[in-house]
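Some notes on the structure that comes next.
Each chain gets a letter, A, B and so on, in the order the sequences are listed, and its residues count up from 1. Everything numeric in this text was worked out from a predicted model, so none of it was measured.
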There are 2 protein chains.
Amino acid sequence: MKTCICAGTSLDRMLRPAVLTLLRDCPKGLHGYGIEQRLEEFQFCRRSLPDFTGLYRLLKKMEAEGLLRSAKSPSDNGPAKRVYALTVRGKQCLSRWRMSLLNYRDMLDDLLGHMRTTLSEKS
Amino acid sequence: MKTCICAGTSLDRMLRPAVLTLLRDCPKGLHGYGIEQRLEEFQFCRRSLPDFTGLYRLLKKMEAEGLLRSAKSPSDNGPAKRVYALTVRGKQCLSRWRMSLLNYRDMLDDLLGHMRTTLSEKS
DNA sequence: CTTCTCTATTAGACATACTCTAATAGTAAC
DNA sequence: GTTACTATTAGAGTATGTCTAATAGAGAAG
């Protein structure tokens, strides 16, 4: 039997702002593999790090959207990396994300309030 | 130009727990159209109510998953309705959702903390 | 009777943001 | 040469939506 979504394996839409935050904190840029590893710092990645494939595709998409720029960079201990860094638009995007996530938190609190409300009314 | 996701139009995964909550509070059951209207009470639906098609499909899926049961019911002022009500598994699912959403809120707070942290370090 | 509005559901096509499986390839240690 | 770590990509599938559009009952307005 499949596990129900209510088990809460992951919450979407947190990866983009997390990537933007990591890159803001690392002006020299980061490559996909390095980003993946640093995502451990975020609580929403504790259960399991996001899928590599998905992350790499997201980075390409964000570059196409003008939020990131990238350059190939040779590596000492492996194949060449593609290093991503924030653009000006990426920085603007990050600050808008902060407003949106605050709003999301309010929505979550509201929903949790609805869920609790009638539970206590029933008791 | 398309608007960026950072604008925060909506947050996924809130519809299922909201539907379960509405049905918990209405033991006689509700039909799709009625659920749609009551969703206005939830803050995450303020901007725009979810699409009818999506809601009806969700209800069918949740019934197939054993979370809801349904029955046809004639209507005074329109075509017959399909009235949905919670099953025991649906109630269990709802209480697990509460735990998951509390966890989501912690993850969101953590992410917001990361976003703020280095902003203040920079100033 | 026709048209409009409100009620009520369904179908098809698309978008987004993931996941899982798998392949490819460089470097270094053993 | 096999294993381990680094690094990226491709293909298929899933979950959760959106938009457009069709169908259909019932009551009111003209």
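- Between K81(B) and dG25(D), a side-chain N or O to OP1/OP2 separation shorter than 4.0 Å is absent.
- Taking only distance into account, the side chain of R82(A) never meets the base of dT9(D) through a donor-acceptor pair shorter than 3.5 Å.
- Distance K60(B) NZ to dA8(C) P: 17 Å, rounded to the nearest Å.
- Donor-acceptor pairing under 3.5 Å is lacking for the side chains of T87(B) and R69(B).
- Which of dG25(D), dG11(D), dT18(D) sits closest to the side chain of T53(A) comes down to dG11(D).
- Under the salt bridge (charged side-chain N to carboxylate O under 4.0 Å, His left out) rule, R105(A) has a single partner from D106(B), D110(B), D109(B), which is D109(B).
- The distance from the CE atom of M62(B) to the CG atom of L23(B) is 7.5 Å, given to the nearest 0.5 Å.
- Mapped onto DNA chain C by nearest heavy atom, D12(A) and S75(A) fall at different nucleotides, with D12(A) at the one closer to the 5' end.
- Checked by distance alone, D51(A) brings no side-chain donor or acceptor within 3.5 Å of a matching partner on the base of dC18(C).
- With H31(B) contributing its side chain and S73(B) its backbone, the two residues share no donor-acceptor pair below 3.5 Å.
- Checking P79(A) against F52(B), the closest nucleotide of DNA chain C that is more toward the 5' end is the one next to F52(B).
- If you take CG of D76(B) and C1' of dA28(D), they are 17 Å apart, rounded to a whole angstrom.
- Neither OP1 nor OP2 of dT16(D) sits under 4.0 Å from any side-chain N or O of R57(B).
- Nearest-nucleotide positions on DNA chain D place N77(A) closer to the 5' end than the other of N77(A) and N77(B).
- In this structure, F52(B) and Y33(B) have parallel ring planes: the angle between them is below the 30° cut-off, well short of the 60° mark.
- Regarding R13(A), its CZ atom lies at a distance of 8 Å from the P atom of dC18(C), rounded to whole Å.
- When heavy atoms are screened at a 4.0 angstrom cut-off, K72(A) is found touching no nucleic acid atom at all.
- Contacts of G32(B) with the nucleic acid, taken as non-hydrogen atoms under 4.0 Å apart, involve only primed sugar atoms and P, OP1 or OP2.
- Per the geometry, CE belonging to M62(A) stands 10 Å off P belonging to dA17(C), to the nearest Å.
- dT16(C) atom P lies 7 Å from atom CD1 of I5(B), rounded to whole Å.
- Between Y56(B) and dT9(C) there is a side-chain N or O to OP1 or OP2 distance below 4.0 Å.
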